[in-house]
Amino acid sequence: MPHRTFFAFMAPSILAMILFITLPILSVIVQSFYQGHEAVVVTVENCTPFGCESQTKVDTEAMAKLQAEAPMGQFAGWANYTNRNHLATAELAQIWAEGGDMLAKVMNLPFYKALAFTLTYCFLVTPLAMALGFAISLAINTLPSVLKGPAIFFSILPMIITPLVGSLIVAWMFNPQGIVGASLQSLTGDPTLSLRASAPLTWVVLLGYGIWTNAPFSFVVFYAGLQSVPQDTIESARIDGASRWEIVRFVIIPHLMPLATFVALVQLMDNFRVFEPVVGFSAEANATSLSWLVFNDLVSADSQQFGSAGATSVLTIVGVLILLAPVLVRTWRDFNRKAV
Amino acid sequence: MANSSPTRLPLGLRALTLGFLAVWLIAAAFPFVWTVWGSFKVEADFFSRQSFWNAIEGVRTQMQTGGAFTGAGYEGAWIKNEFWRAAVNTLIVTISVTAISLTLGTMGGYALARSGQRYAFWILIAALVFRAMPHITLVSGYLLPFFQLNIWGYLPTTIIVLVAINQPFTLWMLHSFFLSIPKDLDESAMVDGCTRFQAFRMVIIPVMWPGVITTGLFSFLLGYNDFAVTSMLLRQENQTMIPKIGSFLGSIQNEGNIMFAVAAVVSATVPLFLLVLFFQRQIVSGLTAGAVKG
């Protein structure tokens with residue numbers, strides 16, 4: 001296809017992606033080096049018959065003018081990255097010097113708290129959901145074909161559901177007055193047990209929700225993969241005396257391996273931006289995520305912190321790139337090998 | 001064990017499989033059943049302080065409304081809190097996002113599938129990286145420029161943003177779909193004197209619908225399920241359903257009207273149920289196509 005025709009076809013897509021994906025990333029990077037204007041303070045003398053007193057107040061007029069002149073705020077250098085809400089370099093140094101219960105202290109810093117949960121979620125939910133999805137696909141594959149349709153229907157519901165809606169539905173059940181929350185309290189005999197009160201419970205429930213909502217994707221892909229397992233290989237393995245488990249281990253799993261890499265890649269990307277569950281479960285006291293930090297900086301209409309949101313965003317993007325690096329390097333090598 | 005008939009499983013293993021499957025299906029479906037059932041009760045039943053049997057029997061619902069079921073939650077959400085307006089906005093946003101994404105995506109995906117050039121490969125890799133960007137990080141880049149340009153808060157802005165965010169995925173999916181349409185088809189049309197665009201319009205478009213419908217389902221889901229973009233880029237009166245539910249949480253929960261949110265959540269789930277019911281085959285094949293060819 002000639003270059004001209006190619007770009008004529010591609011132009012709208014490329015334009016959309018440059019305008020609304022590339023430029024915002026640049027804009028976020030620039031933003032992350034700025035912070036809001038400092039309040040302009042004026043001193044006013046208030047004189048009454050009983051004497052004069054001076055009062056300091058924020059000069060709103062001057063603030064509005066400053067805001068109009070430089071909407072991005074003032075240049076801050078790396079300050080947004082190093083302050084307490086992000087990399088917290090000074091705090092880390094202090095914690096290091098003090099010693100003691102370092103982990104607990106580091107987990108009190110908002111960025112590290114969010115990072116810890118995001119990574120835990122990403123690297124626990126992905127493999128566990130894949131294992132569950134694989135088990136479901138093996139199980140559904142043994143059903144008589146009349147039952148397969150309905151079983152597939154119910155199995156993909158947790159994936160199709162809007163993340164915010166799904167997490168709300170589950171969160172309401174885990175509410176101390178909801179069906180699961182109340183049952184948990186009476187089972188453990190602890191009337192104060194609730195998501196709000198217990199950080200470990202919050203983590204477990206959020207991870208469980210993650211597995212619940214991610215497993216169907218693995219299930220669907222693996223289920224389709226199962227349909228293409230060569231019957232001859234299975235047959236000959238059986239004749240050679242392989243047990244059921246050995247057939248799964250040495251025939252089916254190797255056959256599904258390429259699919260598993262694909263699923264793992266997609267799930268890691270999606271789980272790294274975990275966000276809605278934190279909102280849906282109102283879990284921010286016990287578990288936050290990187291995306292939630294950005295959201296939290298932007299959500300209050302009158303005090304949006306663009307610099308802070310920008311810094312967190314850039315750090316998140318760096319995280320995504322690190323996550324993708326092995327894939328990118330491999331693709332690049334494959335491509336070069338093909339070209340040679 | 002693919003396609004092995006169920007009778008060949010030994011009894012113990014068969015019982016284990018069925019038991020496991022039963023547990024999973026209950027875990028997958030029960031939350032929905034429970035919430036739909038509970039949305040027709042009053043708060044004192046669905047969030048009962050005494051026992052969850054109240055939610056099943058509807059003791060308080062009987063006392064407060066005289067019937068075992070009540071539509072009060074739906075009335076409050078749809079009429080009093082104008083959830084219908086959000087539903088209309090959602091309809092506009094999802095239909096536009098799907099239509100525009102597919103138009104741009106089919107053209108781009110077709111070009112990517114037919115060009116063997118190095119840059120086509122790099123565009124696909126860039127799309128993969130873009131696909132991985134958390135949406136909220138992009139949103140934090142939109143806000144300031146949108147405020148400056150005075151385009152923040154309007155539906156068209158949100159639609160275009162969702163289209164752009166969706167584009168990497170659409171391109172990948174349609175690219176792999178067009179690869180499965182034989183090259184000879186459009187090339188023979190070009191030998192017969194068509195331009196590339198005519199070949200695309202007259203030969204490719206008539207045969208591309210299965211792939212386009214599948215991709216369209218996923219574009220629809222992206223527009224419908226989004227919370228990060230719509231909650232930050234739309235003003236209160238333009239909100240779609242999902243951010244509206246989000247704002248219910250802030251305001252309504254405190255006033256003791258949580259049942260409005262429950263009703264709204266159930267209402268927002270219904271279209272998704274119908275979608276899976278009618279398009280189950282396409283959804284399954286779409287996910288697989290991405291996996292096998294991508």
Side-chain angles (χ1 to χ4, degrees), chain A residues 1 5-6 9-10 12-13 16-17 20-21 24-25 27-28 31 71 136 139 141-142 144 151 153-158 160-165 168-170 173 175 177-179 182 220-221 224 226-227 229 259 262 269 273 275-276 291 294-295 298 306 309-310 313 316-317 320 324 331 335, chain B residues 1-2 6 9 17 20-21 24-25 27-29 31-32 34-35 47-49 52 104 107-108 110-111 114-115 121 125 129-130 132-134 136-138 140-145 148 161 163-164 167 171 196 224-225 227-228 232 242 245-246 265 268-269 272 276 280 283-284 287-288 291 294:
Chain A
M1 186 184 272
T5 335
F6 177 80
F9 272 96
M10 278 305 293
S13 290
M17 290 200 292
F20 294 103
I21 300 180
I25 293 177
S27 140
V28 160
Q31 234 173 70
I136 299 168
N141 209 29
T142 63
F153 173 80
F154 287 113
S155 294
I156 54 182
L157 285 181
I160 263 4
I161 190 75
T162 312
L164 182 73
V165 167
L168 278 175
I169 287 178
V170 179
M173 291 175 70
N175 185 299
Q177 280 140 36
I179 175 166
V220 169
V221 175
L226 279 182
Q227 312 309 314
V229 177
L259 294 183
F262 162 80
M269 291 195 299
R273 55 177 168 225
F275 158 55
E276 283 98 338
S291 288
V294 180
F295 174 78
L298 298 173
F306 294 108
S313 298
T316 310
I317 292 174
V320 170
L324 277 183
T331 326
F335 183 73
Chain B
M1 264 171 287
L9 281 179
T17 314
F20 163 73
L21 209 53
W24 160 251
L25 287 177
F32 299 104
W34 178 252
T35 310
F47 295 98
S48 173
R49 278 169 213 280
F52 62 77
L104 303 190
M107 288 172 55
Y110 174 72
R114 289 295 183 262
S115 163
F121 171 80
I125 293 298
V129 176
F130 288 161
M133 288 297 149
I136 194 84
T137 62
L138 299 175
S140 66
Y142 297 139
L143 286 175
L144 270 184
Q148 290 297 305
V161 164
V163 166
Q167 211 53 26
L171 283 178
R196 179 60 86 165
Y224 192 88
N225 286 346
F227 174 65
M232 304 301 306
I242 304 303
I245 291 173
V265 156
T269 315
L272 294 176
V276 182
Q280 181 176 330
I283 292 172
V284 170
L287 287 176
T288 337

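So that the names make sense, note that chain A is the first sequence line, chain B the second, and so on, each numbered from 1.
Interatomic distance, B:Leu143 CG to A:Leu298 CG, rounded to the nearest 0.5 Å: 5.5 Å. Note that the CZ atom of B:Phe20 and the CG atom of B:Leu25 stand 9.0 Å from one another [nearest 0.5 Å]. In this structure, CZ on A:Phe9 lies 6.0 Å from OH on B:Tyr110, to the nearest 0.5 angstrom. Here A:Ile21 contributes atom CD1 and B:Leu138 contributes atom CG; the two are 6.5 Å apart, rounded to the nearest 0.5 Å.
With respect to chain B, the highest number of heavy-atom pairs below 4.5 Å among A:Ser27, A:Pro163, A:Ser155 belongs to A:Ser155. Between chain A and the options B:Ile245, B:Ile283, B:Ile242, B:Ile125, heavy-atom pairs under 4.5 Å are most frequent for B:Ile242. Comparing B:Val161, B:Thr17, B:Leu21 by heavy-atom pairs within less than 4.5 Å of chain A, the highest count is held by B:Leu21. Taking chain A as the reference chain and counting heavy-atom pairs below 4.5 Å, the highest number among B:Thr269, B:Val163, B:Leu144 is found for B:Leu144. By number of non-hydrogen pairs under 4.5 angstrom with chain B, the leading residue of A:Leu324, A:Ile179, A:Val294, A:Leu164 is A:Ile179. The greatest number of non-hydrogen atom pairs below 4.5 Å with chain A, out of B:Ser115, B:Ala132, B:Gly108, is found for B:Ala132. In terms of heavy-atom pairs under 4.5 Å with chain B, the best-connected choice from A:Thr5, A:Ile136, A:Ile156 is A:Ile136. The candidate from A:Val320, A:Val165, A:Ile160 with the greatest count of non-hydrogen atom pairs under 4.5 Å with chain B is A:Ile160. For the set A:Ile169, A:Val28, A:Thr316, the entry with the most heavy-atom pairs within less than 4.5 Å of chain B is A:Ile169.
In this pair, A:Phe275 and B:Phe227 present their aromatic rings parallel. The plane angle is below 30°, not in the 30 to 60° band.
Outside the 6.0 Å centre-distance limit, the rings of B:Phe32 and A:Phe154 are not counted as a close aromatic pair.
Looking at B:Val265, both its backbone and its side chain come within 4.5 Å of chain A, counting heavy atoms on both sides. In this structure, the portions of A:Phe153 lying under 4.5 Å from any heavy atom of chain B include both its backbone and its side chain. Looking at B:Leu171, the atoms closer than 4.5 Å to chain A (heavy atoms on both sides) all sit in the side chain, from C-beta outward. Proximity to chain B (any heavy atom under 4.5 Å) is shown, for A:Ala139, by both the backbone and the side chain. Proximity to chain B is limited to the side chain of A:Phe306, based on heavy atoms less than 4.5 angstrom apart. For B:Met232, the part sitting under 4.5 Å from any heavy atom of chain A is the side chain, from C-beta outward, and nothing else.
For the side chain to side chain contact (heavy atoms under 4.5 Å, CB included) test, residues two or more places apart in sequence or in another chain that qualify with A:Ala224 are B:Thr288.
Looking only at atom types and distance, the side chain of B:Ser140 has a donor-acceptor partner in the side chain of A:Ser313 under 3.5 Å away.
With contacts defined as side-chain heavy-atom distances shorter than 4.5 Å, the pair B:Pro31/A:Met173 qualifies. Residues B:Leu272 and B:Asn225 are in side-chain contact: their nearest non-hydrogen atoms beyond the backbone lie under 4.5 Å apart.
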